[in-house]
Amino acid sequence: MPNNRTYAHPYIPNTVPEVRDAMLKEIGLTSMDQLHDAIPDSLKLNRAMNLPPAMTEYELRRHIDGLLAKNKHGAAYLNFLGAGCWQHFIPAVCDEINQRSEFVTAYAGEPYEDHGRFQTLFEYQSLMAELVDMDVVNVPTFDWAQAASTAIRMAGRLTGRRAALLPRSVDPDKVMIINNYCTPVMELRFVEIDEATGKMDLADLRSKLTSDVAAVYFENPGYLGIIEDQGQDISELAHSVDAICIVGVDPISLGVLQPPSQYGADIVCGDLQPLGMHMNYGGGQAGFIATRDEETYVMEYPSRLFGIVPTEVEGEYGFGDVAYERTSFALREKGKESVGTQTALWGITAGVYLSLLGPAGMQEVGETIMQKSQYAAMKLSAIPGISLRFGETAFFKEFVVDFNDTGLTVAQINARLSDAGIFGGKDLSASFPAWGQCALYCVTEIHSQTDLDRLADTIQTIVRKP
């Protein structure tokens, strides 16, 4: 072990002994150990750590490569996982644009050096606003869960109330994030879903619409893939007690489904990942929020908004922040919510995707997804012992498959599918235990008829085995 007085670490700055000693002297200390005097001895290890010998750079690279090789990605397997991160086709130009040096950062930039990025984000906002049929769209949040959380908190500030209603069918992982982000400002309460259809139980909603409800939040299509065709009724019930209607949406569905604004949504939010973003473990997610162009709503956005603004030259316009004074950048600790690093790069990516497809392309991809998902559901439900959990309810790209009558668990079926080179649906038995052995399957435009037939044939072989 090197002598602490003479050793300088090659990758850790300020470890040259003379530099370190000068820094300690500046703050009135004589040793590095004194930096930790405030930590109780009971929490200190008080012995040398049992670390393996340090690897060379080459050895470390081989070790890490070996660990990474154990991962299996969607392109290596036939993949039917979704549940918030979906495998869609990514046009090559999306990656070509978002990897340009002018854009490749999560930050939205500053006006003195990022005129081009401001314009691309303005174009993204404009395209997204047209897709969701709203006027104002923010620079992206981290993901759908944060977008929903912020939308709920916006509703709380707008109404001065502290409760929000959500259906039981919302992704439990998303609910945990929303609850964490909203506590203690907002309280989440849940509306039951109809066990036969998976849609929101309107009678239960009516019973829970009290005077302290700030917002009713629901998703269309929902986490379980279900198309919630009661949107107009839900929004009217919310408005009957002066609550705000918030709708979460998968934007790739809006080429074929009615945008939420047309059935009463006041705030629309959702995930941008389907619009040109690869699936990633711990990244590649982004959320959006959209509202009408009304000052009361605009001033409650915590995130940045870009618009066309006048410059110092009369008659000349550029792109800049709108109502910057409402953000935590301007208000600091008095801001309504903190705005830190955002996912501006994914907004640019979504803008590229939407500009490539256009209205006709979005309709085509939506129709293709629905045709393929319907075909897959038909093939799977024709297998003896397998049915659809909500067989009479329309769905978009995801649907719940019921395996209870097969005598096998979803975990067993998925393990055997994996052996055959297929990622099966997400196991819902922990999230929705009352349903027993059910799984959420996702089918998108990337799946061919051959892929869907292979899935059905493989599952049929699995459930036939004793």
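Hydrogens, waters and symmetry mates play no part in the numbers below; they use all other heavy atoms, side chains included. Treat the numbers as computed from the prediction; the structure is a model and nothing was measured. We're numbering straight along the sequence, starting at 1.
Between Arg389 and Trp435, the closest side-chain pair of non-hydrogen atoms falls below 4.5 Å. Contact check for Cys245 versus Phe218: side-chain heavy atoms found under the 4.5 Å cut-off. At a threshold of 4.5 Å between non-hydrogen side-chain atoms, the residues Ile226 and Met200 do not count as touching. Within the 4.5 Å cutoff, side-chain heavy atoms of Val216 are placed close to those of Leu209.
Here the straight-line distance linking atom CD1 of Ile97 with atom CD1 of Ile348 works out to 9.5 Å at 0.5 Å rounding. Between Leu440 atom CG and Phe432 atom CZ the span is 9.0 Å, to the nearest 0.5 Å. One distance of note links CE of Met277 with CG of Asn98; it measures 8.5 Å at 0.5 Å rounding. Considering CG of Leu354 and SG of Cys94, their distance stands at 9.0 Å, rounded to 0.5 Å. In this structure, OG1 in Thr444 is found 6.0 Å from CD1 in Ile369, a value given to the nearest 0.5 Å. For the atom pair CZ of Arg100 and CG of Leu345, the computed distance is 13.0 Å after rounding to the nearest 0.5 Å.
In this view, Ala147 and Thr141, Cys269, Ile289 satisfy the side-chain contact (heavy atoms from CB on, under 4.5 Å) rule, not counting sequence neighbours. Residues passing the side-chain contact (heavy atoms from CB on, under 4.5 Å) test with Ala323 are Met299, Glu325, Arg326, sequence neighbours excluded. Taking the ring-ring contact (aromatic ring centres under 6.0 Å, His included) definition, one finds that Tyr263 meets it with nothing, sequence neighbours left out. Partners of Thr343 according to the side-chain contact (heavy atoms from CB on, under 4.5 Å) rule, which considers only residues two or more places apart in sequence or in another chain, are Pro140, Phe142, Ala286, Trp346. Under the rule for a side-chain contact (heavy atoms from CB on, under 4.5 Å), Val309 has no partner lying at least two apart in sequence or in another chain. By the salt bridge (Lys or Arg N to Asp or Glu O under 4.0 Å) test, Arg292 is found to be paired with Asp266, Glu294, residues two or more places apart in sequence or in another chain being considered.
Salt bridge Asp212/Arg189: present, at least one basic N to carboxylate O contact under 4.0 Å. Of the charged side-chain nitrogens involved, at least one lies within less than 4.0 Å of a carboxylate oxygen, so that Asp204 and Lys208 count as a salt-bridged pair.
Distance alone, capped at 3.5 Å, places no donor-acceptor pair between the Ser418 side chain and the Ala415 backbone. Side chain of Thr183 to main chain of Asn180: no donor-acceptor pair is present (N/O by atom type, distance under 3.5 Å, no hydrogens or angles).
Aromatic rings of Phe319 and Phe122 (six-membered ring for Trp) have centroids within the 6.0 Å cut-off, being under it.
Judged as a salt bridge (charged side-chain N to carboxylate O under 4.0 Å, His left out), not a single pair has a partner in residues 120-138 (not counting sequence neighbours). Each salt bridge (charged side-chain N to carboxylate O under 4.0 Å, His left out) pair with one or both residues in residues 153-168, not counting sequence neighbours, appears once here: Arg157-Glu300, Arg157-Glu337, Arg168-Glu192. The stretch residues 241-257 participates, sequence neighbours left out, in these side-chain hydrogen bond (donor to acceptor under 3.5 Å, both in side chains) pairs: Asp250-Lys397. For residues 421-432, the side-chain hydrogen bond (donor to acceptor under 3.5 Å, both in side chains) pairs, not counting sequence neighbours, are Tyr223-Lys426, Asp427-Ser429. Residues in residues 76-101 take part in these ring-ring contact (aromatic ring centres under 6.0 Å, His included) pairs, two or more places apart or across chains: Tyr77-Phe423, Phe80-His447. Within the structure, salt bridge (charged side-chain N to carboxylate O under 4.0 Å, His left out) contacts touching residues 360-379 (residues at least two apart or in different chains) are Lys379-Asp453.
When each of Asn138, Thr327, Thr150, Thr291 is tested with Tyr301 by the rule side chain to side chain donor-acceptor pair (under 3.5 Å), just one qualifies, namely Thr291.
No hydrogens or angles considered: nothing links the side chains of Tyr124 and Ser355 as a donor-acceptor pair under 3.5 Å. No hydrogens or angles considered: nothing links the side chains of Gln437 and Asn404 as a donor-acceptor pair under 3.5 Å.
Taking the six-membered ring where tryptophan is involved, the planes of Phe395 and Phe399 are tilted, since the angle between them lies from 30° to 60°.
The 12-atom threshold is exceeded at CZ of Phe329, counting heavy atoms of other residues, nucleotides or ligands nearer than 6.0 Å.
The two residues Ala83 and Asp171 come nearest to each other via the heavy atoms O-OD2, 4.2 Å. Between Gly425 and Tyr441 the shortest heavy-atom distance is N-CZ, 3.2 Å. When every heavy atom of Leu272 is checked against every heavy atom of Gly287, the shortest pair comes out as CD1-O, 4.2 Å.
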Salt bridge (charged side-chain N to carboxylate O under 4.0 Å, His left out) evaluation trace for Arg304 with Asp321: CA-CA 7 Å; Arg304 294 175 76 179; Asp321 280 285; 2.8 Å; yes

Criterion side chain to side chain contact (heavy atoms under 4.5 Å, CB included) on Met128 and Leu275, from CA distance to verdict: CA-CA 10 Å; Met128 199 69 200; Leu275 305 182; 4.0 Å; yes

Pair Leu166-Ile178, side chain to side chain contact (heavy atoms under 4.5 Å, CB included): steps then yes or no: CA-CA 11 Å; Leu166 295 77; Ile178 295 173; 4.2 Å; yes

Val365 and Ile252: CA distance, side-chain angles, deciding distance, side chain to side chain contact (heavy atoms under 4.5 Å, CB included) verdict: CA-CA 8 Å; Val365 74; Ile252 208 166; 4.1 Å; yes

Worked verdict on Met134 versus Asp293 for side chain to side chain contact (heavy atoms under 4.5 Å, CB included): CA-CA 8 Å; Met134 281 291 193; Asp293 186 11; over 6 Å; no

